[in-house]
Chemist: 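I'd like to ask some things about the structure below.
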Amino acid sequence: MGYLLNTPTRKDITIQRAPMSLPLVMEPMSGYYKEPIMVLDFQSLYPSTIIAYNLDFSTIIGRSELASTGGQLGFQSYQIPGKILKRLIEENKVINTPNDVLFVTKDVRVGVLPTLLSQILDLRSYVKSILKKEKNEKMKRILDARQMALKGFAACTYGYTAAHFSGRMPCVELADSIVECSRHMLEFVIHHIEEDYPELTVLYGDTDSLFIKMPPLPKEKCFEFGQKLCDEITAFFPHPVKIKLEKIFSGCFLVNKKRYCGWIYESVDQEKPTMLVKGLEMKRRDSCILVKNVMTDVIEAIFSSGSIEKARAVFDFHFNRIIYGRVTLKEYLFAREVRLGTYKSDVEPPGAIVAKRAMEKDPRMAPLYGERYPFVVVSSTPNS
């Protein structure tokens, strides 16, 4: 395309101003919800935003207050001639992002990142279309891995522009524009739902997804309404920005940010719901097996029966196993990463203390850096 890439030094990178934009992560309305909750999700939000608004190193003009007089852009000084800027504005060929940074439209110049990402997303769509027709299980796994790799490649492009400590070619203004445009779109969707659909309640939003409580409706009606809403919202945004109905919860616990669980339906044809867990001890590797088992069984009892008494009975059953010594030692074990040599002597975690004790008996028991070392918590005197 006739460009040379900038190659900043470490010193150049450090003189950039600090990033000022953050993705929207709402505090959820915590609680247990029996009503259907639909989850709307922007499809490849950051890559779609880059393509839709032509956000790129080669299309950026600079912050609006410095565009005519010049100033710092990323790690270098930059100024566009006043006559050119005036003509672009008069011809309506400038995009002003919510953080007040100017970019030229595709009529003037198509950016490198939008071109690159358009090809990547088109290729991913092509691979997914082949995947649907493929019958061979081995080939299906290969194709699925390839489309996931393409998804990851597209998603990390934003990180390439935003890596302002360790990156090869960061540009703070470009990175902030990507985040701000994406955040602005999510806020627009929330406002649209609250204004036009008073029967719906937005419970939680996280970067590119929204959790919306619906009135009690059959599963088929929920999917039908959700799809209609997605089509309506997608029409407001430029191509290829698209919002889709990802799943519907038939029972859900919202605990706090990035921590929730529930029974989900991912399509109308799905007969039985499946359990989805994010961030809770049921999925965390640093929790013990007993906690995982108790939480999973109690929550599934609530979802299946809707009865607190049923959940209480399950809870009592597990505690009777503990009291009567029917729980194996393995179920009590915690396993957390140990990084010997990085702790202050008075605040070492339990895993490090146990590892050191084992090393006193046998030096070969020394854990690798970052290795998960098992330990069990016992009732004893302080500091023992």
Side-chain angles (χ1 to χ4, degrees), residues 21-26 38-60 92-129 147 150-162 173-197 200 202 204-212 225-247:
S21 302
L22 289 171
L24 179 65
V25 182
M26 297 167 60
M38 64 175 166
V39 180
L40 304 186
D41 183 65
F42 278 97
Q43 193 169 315
S44 302
L45 178 60
Y46 285 175
S48 299
T49 303
I50 291 169
I51 297 167
Y53 297 104
N54 202 33
L55 308 180
D56 186 54
F57 300 100
S58 67
T59 61
I60 189 169
N92 200 24
K93 291 184 177 179
V94 172
I95 296 169
N96 192 357
T97 58
N99 58 324
D100 220 21
V101 177
L102 304 179
F103 294 81
V104 296
T105 60
K106 293 177 183 177
D107 300 340
V108 179
R109 172 188 291 170
V110 180
V112 179
L113 292 182
T115 305
L116 171 77
L117 288 170
S118 296
Q119 293 176 6
I120 293 295
L121 294 181
D122 288 347
L123 181 58
R124 186 181 176 221
S125 298
Y126 175 67
V127 173
K128 286 174 80 175
S129 67
Q147 68 91 9
L150 290 166
K151 178 184 178 181
F153 184 93
C156 74
T157 306
Y158 156 72
Y160 185 83
T161 68
E173 285 79 9
L174 174 57
D176 276 356
S177 296
I178 296 167
V179 174
E180 279 295 332
C181 285
S182 303
R183 182 186 178 115
H184 187 73
M185 287 191 284
L186 198 66
E187 288 172 343
F188 171 82
V189 175
I190 294 169
H191 179 73
H192 175 71
I193 289 169
E194 288 174 346
E195 287 287 313
D196 293 12
Y197 296 93
L200 303 179
V202 178
Y204 178 47
D206 184 359
T207 311
D208 64 348
S209 60
L210 289 174
F211 288 59
I212 302 163
F225 175 79
Q227 191 55 56
K228 181 184 171 186
L229 181 63
C230 288
D231 294 341
E232 179 186 321
I233 293 170
T234 300
F236 289 114
F237 300 120
H239 179 78
V241 177
K242 183 180 180 182
I243 196 164
K244 62 178 181 179
L245 176 61
E246 189 177 346
K247 50 186 167 272

Chemist: Please test T161 against L113 for side chain to side chain contact (heavy atoms under 4.5 Å, CB included), starting from the C-alpha separation and ending with a verdict.
Modeler: CA-CA 10 Å; T161 68; L113 292 182; 3.9 Å; yes
Chemist: Is there a side-chain contact between S44 and L121 in this structure, where contact means two heavy atoms from C-beta onward sitting under 4.5 Å apart?
Modeler: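 Yes, at least one pair of side-chain atoms sits under 4.5 Å.
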Chemist: Which residues pass the salt bridge (Lys or Arg N to Asp or Glu O under 4.0 Å) test with D206, sequence neighbours left out?
Modeler: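 Partners of D206 under the salt bridge (Lys or Arg N to Asp or Glu O under 4.0 Å) test: K258.
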Chemist: For the atom pair CE (M26) and CG (L210), what is the distance rounded to the nearest 0.5 Å?
Modeler: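 Taking CE in M26 and CG in L210, the distance rounds to 7.0 Å.
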Chemist: Looking at residues at least two apart in the chain, or sitting in another chain, which of them share a side-chain hydrogen bond (donor to acceptor under 3.5 Å, both in side chains) with D100?
Modeler: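 Counting only residues at least two positions away or on another chain, D100 forms a side-chain hydrogen bond (donor to acceptor under 3.5 Å, both in side chains) with S64, N96.
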Chemist: Less than 4.5 Å apart, side chain to side chain, heavy atoms only: is that true for V112 and F57?
Modeler: no
Chemist: Let me confirm one number: the NZ-CG distance from K242 to D41, rounded to the nearest 0.5 Å.
Modeler: 11.5 Å
Chemist: So F237 and V189, side chain to side chain contact (heavy atoms under 4.5 Å, CB included) or not? Walk me through it.
Modeler: CA-CA 10 Å; F237 300 120; V189 175; 3.9 Å; yes
Chemist: Any chance you could lay out the side chain to side chain contact (heavy atoms under 4.5 Å, CB included) test for T207 and V25, step after step, and finish with the verdict?
Modeler: CA-CA 6 Å; T207 311; V25 182; 4.1 Å; yes
Chemist: Identify, with sequence neighbours excluded, every residue that meets ring pair (Phe, Tyr, Trp, His ring centres under 6.0 Å) alongside H192.
Modeler: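 So H192 forms a ring pair (Phe, Tyr, Trp, His ring centres under 6.0 Å) with F236.
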Chemist: What pairs with R124 under salt bridge (Lys or Arg N to Asp or Glu O under 4.0 Å), at least two apart in sequence or on another chain?
Modeler: none
Chemist: Taking side-chain hydrogen bond (donor to acceptor under 3.5 Å, both in side chains) as the test, write out the residues that go with Q43, two or more places apart.
Modeler: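 Counting only residues at least two positions away or on another chain, Q43 forms no side-chain hydrogen bond (donor to acceptor under 3.5 Å, both in side chains).
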Chemist: Determine the minimum heavy-atom distance between P238 and A52, stating which atoms define it.
Modeler: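 Minimum heavy-atom separation between P238 and A52: CG-CB, 3.8 Å.
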Chemist: Where is the tightest heavy-atom contact between E173 and N99, given as atom of each residue plus distance?
Modeler: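 Heavy atoms only, the tightest pair is O-ND2, 3.9 Å.
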Chemist: Less than 3.5 Å apart, any donor N or O on the side chain of S21 or E180 sitting next to an acceptor on the other?
Modeler: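 Per modelled atom types, S21 and E180 side chains form a pair under 3.5 Å.
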Chemist: How about L22 and V179: do any of their side-chain heavy atoms sit closer than 4.5 Å?
Modeler: no
Chemist: Using side-chain heavy atoms (C-beta onward) and a distance below 4.5 Å, is I233 in contact with M185?
Modeler: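 With C-beta onward as the side chain, the pair stays apart.
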Chemist: Of all residues at least two apart in sequence or in a different chain, which pass the salt bridge (Lys or Arg N to Asp or Glu O under 4.0 Å) check with K151?
Modeler: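 For K151 there are no salt bridge (Lys or Arg N to Asp or Glu O under 4.0 Å) partners, ignoring immediate neighbours.
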Chemist: Taking side-chain hydrogen bond (donor to acceptor under 3.5 Å, both in side chains) as the cut-off, I'd like each qualifying pair that reaches into residues 46-56, sequence neighbours left out, listed once.
Modeler: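 Found T49-S182, D56-S58.
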Chemist: Once side-chain contact (heavy atoms from CB on, under 4.5 Å) is applied, do any residues pair with T115, and if so which ones, sequence neighbours excluded?
Modeler: M1, V110, Q119
Chemist: Does T59 reach the main-chain N or O of V104 with its side chain, forming a donor-acceptor pair under 3.5 Å?
Modeler: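 Not at all, since once roles are kept as given, no pair shorter than 3.5 Å links the two residues.
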Chemist: Could you work out, with ring pair (Phe, Tyr, Trp, His ring centres under 6.0 Å) as the rule, every residue matching F225, not counting sequence neighbours?
Modeler: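 Only Y197 meet the ring pair (Phe, Tyr, Trp, His ring centres under 6.0 Å) criterion with F225.
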Chemist: Is a side-chain donor or acceptor of K106 paired with a backbone partner of I51 at a separation under 3.5 angstrom?
Modeler: yes
Chemist: For a quick test of your reading: what N or O donor-acceptor pairs under 3.5 Å do the side chains of residues 152-160 make, sequence neighbours left out?
Modeler:
{"unit_1": "T157", "atom_1": "OG1", "unit_2": "F153", "atom_2": "O", "d": "3.2"}
{"unit_1": "T157", "atom_1": "OG1", "unit_2": "A154", "atom_2": "O", "d": "3.1"}

Chemist: If I compare all heavy atoms of N92 with all of T105, which pair ends up nearest, and what's the gap?
Modeler: O-CG2, 4.4 Å
Chemist: Quick one: CG on L55 to CD1 on I178, what's the gap to the nearest 0.5 Å?
Modeler: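 L55 CG to I178 CD1: 6.0 Å, rounded to 0.5 Å.
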Chemist: Heavy-atom distance under 4.5 Å between the side chains of L24 and I190, does that happen here?
Modeler: yes
Chemist: Going by heavy atoms in the side chains, are D176 and V101 under 4.5 Å from each other?
Modeler: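 A side-chain contact under 4.5 Å is absent here.
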Chemist: To the nearest 0.5 Å, what is the distance between CG on L245 and CG on L229?
Modeler: 9.0 Å
Chemist: In Å and rounded to the nearest 0.5 Å, what is the NZ to OG distance from K244 to S209?
Modeler: 11.0 Å
Chemist: For a 4.5 angstrom cut-off between non-hydrogen side-chain atoms, does M38 reach L200?
Modeler: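 Yes. Closest side-chain heavy atoms under 4.5 Å.
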Chemist: Please round to the nearest 0.5 Å and tell me the distance separating atom CD1 of I60 and atom CG of L102.
Modeler: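 Between atom CD1 of I60 and atom CG of L102 there are 8.5 Å.
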Chemist: My understanding is that only residues two or more places apart in sequence, or in another chain, count here; which of them pass salt bridge (Lys or Arg N to Asp or Glu O under 4.0 Å) with E194?
Modeler: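 E194 satisfies salt bridge (Lys or Arg N to Asp or Glu O under 4.0 Å) with no other residue.
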Chemist: Could you list the residues that satisfy ring pair (Phe, Tyr, Trp, His ring centres under 6.0 Å) with F103, not counting sequence neighbours?
Modeler: none
